[in-house]
Amino acid sequence: MANTVILGAQWGDESKGGTTDFLAENADVVARYQGGDNAGHTIVVGTEKFVFHLLPSGILYPHTTNVIGNGVVINLETLFDEIEKLETHGVEVGDRLKVSSRAHLILPYHKVMESWDDLGSSLKLGTTARGIGPTYSDKMNRHAGIRVADLLEFDLFQKKLDFNLGAKGYILDQIGGEIDRAAMLEEYHGYAQRLAPYVVDTSEFMNDALKAGKRILYEGAQGTMLDIDFGTYPYVTSSNTTVGAVCTGLGVGLQAIDRVLGVSKAYVTRVGTGPFPTEMPPDLDEEIREIGQEYGATTQRARRCGWLDLVALRYAARVNGFTDLVLTKFDVLDHLDEIQVCVAYRRRGEVLTTFPTSLHALEECEPVYETLPGWKAPTVDARKYEDLPANAQRYNAYISEFLDVPVTILSVGPERTQTIVCDESILTA
Ligand code: GDP
Ligand code: IMO
Ligand code: MG
């Protein structure tokens with residue numbers, strides 16, 4: 001199997017977790033390279049459902065090693081909670097987890113800082129409230145960031161913590177987010193002991209794995225339209241979610257990547273605030289949300305639903321250089337008479353075929369839709385491309401031709417086996 005990136009082509013929740021789990025059967029290493037526990041990746045195996053926020057989605061297979069790279073921001077409470085839940089469930093994590101010594105830590109005051117930012121700003125970003133923005137800000141700011149390696153040198157951790165509590169003290173006081181220093185030190189001392197066995201230089205680990213010819217999956221979090229540079233800024237997350245983050249978030253070179261899979265739903269969803277040109281009218285939005293069970297895996301918030309936006313998707317294909325597409329949640333559209341796809345935007349009488357930079361421009365864009373016939377038949381039992389109704393095949397072909405990217409995997413239900421592989425080379429080559 002080629003070394004493959006699995007990343008979100010839309011605004012997140014495209015089923016990167018499900019896709020990673022499906023492909024991990026044939027992989028040796030599964031690595032997360034950015035984001036934190038803002039991610040919520042769902043895997044359904046039989047009647048069991050798992051949601052991972054930090055653990056890579058290969059963890060359910062005992063033959064895989066799972067890596068949390070330097071580009072990820074780690075909330076240790078979440079991490080140990082996930083490990084504990086899995087182990088109680090009979091899935092041994094043990095030395096199958098490797099955590100980067102260079103990854104930055106999300107600390108309790110980061111969540112407080114996030115609510116302070118929210119209070120003081122007219123932008124209501126609608127974040128996941130996991131402290132992601134403040135942690136990446138501290139990392140870039142350099143004075144304040146605390147890394148896994150610092151935690152393992154506990155004196156250094158204590159010094160850096162004191163610096164932060166001093167520097168952020170005014171804000172913590174203002175909104176009553178006071179941190180109990182002694183309790184926090186005790187808690188983090190415990191975490192340091194528990195974390196130490198997992199910590200390695202993950203760049204070294206990944207490069208050794210590459211040299212040994214291991215099969216590697218790189219699992220993205222969030223989606224292209226939430227990228228700090230290429231997304232709908234400022235309504236984005238605080239990391240690069242696009243393909244470049246694989247190299248910077250794991251310490252691997254370009255030759256470490258053979259294929260880039262862009263994962264997209266057969267429609268679009270978005271959680272939180274921000275422009276969304278193809279958002280459906282309320283009735284249809286609600287209908288799709290109920291059928292697709294579009295509620296956030298991290299925050300349980302209702303996801304906004306829209307028609308597939310091929311302008312945005314073509315932009316994502318360009319920014320990431322998709323070699324393959326994964327189209328998920330086909331079954332959610334089974335009942336529709338007609339399906340709309342956005343093929344351009346119209347703004348002030350002008351037709352746009354590329355995704356604009358300016359949010360004001362984007363807000364003024366009206367989608368130009370092409371209407372395709374629905375297939376009006378259940379797809380949930382399809383396991384081969386030929387099992388799909390003719391109009392479902394046509395829908396798939398339309399998307400692939402528009403983007404000039406082949407569709408390699410399709411999913412027709414949340415369960416692991418409800419997957420159609422259109423190009424077997426993704427399993428073997
Ligand atoms: P991720 O963040 O990209 O990993 O995606 P999420 O797990 O947040 O959201 C995807 C949701 O869709 C999960 O609840 C999945 O179980 C579900 N899902 C994935 N593929 C399909 C599919 O083909 N059909 C249906 N109905 N649900 C799916
Ligand atoms: P997965 O990996 C969907 C969204 C939030 C908010 C914005 C910024 O499951 O696809 P943040 O907490 O990151 O500062 O929030 O980004 N967001 C996601 N939306 N899926 C995600 O992850 C998301 N992670 C963040 O809703 O709009
Ligand atoms: Mg998700």
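Since the model is a prediction, treat every value here as computed from it, not as a measurement. Whatever order the structure lists ligands and atoms in, that order sets their numbers, starting from 1. In what follows, every heavy atom counts, from backbone to side chain, and hydrogens, waters and symmetry copies are set aside. When a residue number appears, it is its place in the shown sequence, counting from 1.
- Considering just the N/O/S atoms of Asp13, the one nearest the Mg ion (ligand 3) carries the name OD1.
- Partners of Val343 according to the side-chain contact (heavy atoms from CB on, under 4.5 Å) rule, which considers only residues two or more places apart in sequence or in another chain, are Leu310, Val341, Val368, Glu370, Tyr398, Phe402.
- The only option from Lys160, Lys168, Arg147 that meets the salt bridge (charged side-chain N to carboxylate O under 4.0 Å, His left out) definition with Asp138 turns out to be Lys168.
- The protein non-hydrogen atom at the shortest distance from atom 15 (C) of ligand 1 is Thr42 CB, 4.0 Å.
- The contact set between ligand 1 and Gly17, taken as ligand atoms under 4.0 Å from a residue heavy atom, comprises 4 (O).
- The part of Arg303 lying near ligand 1 is the side chain, judged by heavy-atom distances below 4.0 Å.
- Note on Asp201 versus Arg102: salt bridge recorded, some NZ/NE/NH1/NH2 to OD/OE distance being below 4.0 Å.
- Inclusion of Gly40 in the set of residues having an N or O under 3.5 Å from an N or O of ligand 1 is warranted.
- Of all atoms in ligand 1, listed by their number and element, those nearer than 4.0 Å to a heavy atom of Lys16 are 1 (P), 2 (O), 3 (O), 4 (O).
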Pair Leu7-Tyr33, side-chain contact (heavy atoms from CB on, under 4.5 Å): steps then yes or no
CA-CA 11 Å; Leu7 67 79; Tyr33 51 89; 3.7 Å; yes
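- Looking only at atom types and distance, the side chain of Asn26 has no donor-acceptor partner in the side chain of Tyr61 under 3.5 Å away.
- For atom 23 (O) of ligand 1, the nearest non-hydrogen atom of the protein is Ser411 OG, 2.5 Å.
- Shortest contact from atom 19 (C) of ligand 1 to any protein heavy atom: Ser15 OG, 3.3 Å.
- Ring geometry, Trp307 versus Tyr369: the interplanar angle exceeds 60°, so the pair is classed perpendicular (tilted spans 30 to 60°).
- The line from CG of Leu313 to CG of Leu308 is 5.5 Å long, rounded to the nearest 0.5 Å.
- Ligand 1 has a nitrogen or oxygen under 3.5 angstrom from a nitrogen or oxygen of Gly413.
- Nearest non-hydrogen protein atom to atom 10 (C) of ligand 1 is Asp13 O, 3.7 Å.
- The only member of Asp334, Asn391, Asp337 that meets side chain to side chain donor-acceptor pair (under 3.5 Å) when paired with Trp375 is Asp334.
- Side chains of Asn38 and Gln222: a donor-acceptor N/O pair is present below 3.5 angstrom, by distance only.
- Between the CG atom in Asp37 and the CD1 atom in Ile106 there is a gap of 5.0 Å [rounded to 0.5 Å].
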Dump the intermediate steps for side-chain hydrogen bond (donor to acceptor under 3.5 Å, both in side chains) on Thr299 and Arg301, then the final yes or no.
CA-CA 5 Å; Thr299 57; Arg301 286 178 294 175; 2.9 Å; yes
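- Contact annotation for Val412 and ligand 1: only backbone heavy atoms (N, CA, C, O) come within less than 4.0 Å of the ligand.
- In terms of protein heavy-atom proximity, atom 12 (O) of ligand 1 is closest to Lys329 NZ, 3.0 Å.
- Using a 4.0 Å cut-off between heavy atoms, Asp331 contacts ligand 1 through its side chain alone, with no backbone atom that close.
- Within 4.0 Å of ligand 2, counting heavy atoms only, the contacting residues are Trp11, Gly12, Asp13, Lys16, Asn38, Ala39, Gly40, His41, Leu125, Gly126, Thr127, Thr128, Ala221, Gln222, Leu226, Val236, Thr237, Val271, Gly272, Arg301.
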Residue pair Thr135, His104: steps toward the side-chain hydrogen bond (donor to acceptor under 3.5 Å, both in side chains) verdict:
CA-CA 7 Å; Thr135 306; His104 280 247; over 6 Å; no
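- Atoms of ligand 1 lying under 4.0 Å from at least one heavy atom of Glu14, given by number and element, are 3 (O), 5 (O).
- Exactly one of Thr4, Asp324, Thr323 qualifies for a side chain to side chain donor-acceptor pair (under 3.5 Å) with Thr408. That residue is Asp324.
- Near His41, meaning under 4.0 Å from any of its heavy atoms, are these atoms of ligand 1: 1 (P), 2 (O), 4 (O), 7 (O).
- Using bins of under 30°, 30° to 60° and over 60° for the plane-to-plane angle, the ring pair Tyr170/Trp116 lands in the perpendicular bin.
- Residue contact annotation: Ala297 places no N/O/S atom under 2.8 Å from the Mg ion (ligand 3).
- When hydrogens are left out, the protein atom nearest atom 16 (O) of ligand 1 is Pro414 CB, 3.4 Å; that is the closest non-hydrogen contact.
- The shortest N or O to N or O distance between Phe330 and ligand 1 is not under 3.5 Å.
- Once rounded to the nearest 0.5 Å, the distance linking CZ of Phe230 with CG of Asn320 reads 8.5 Å.
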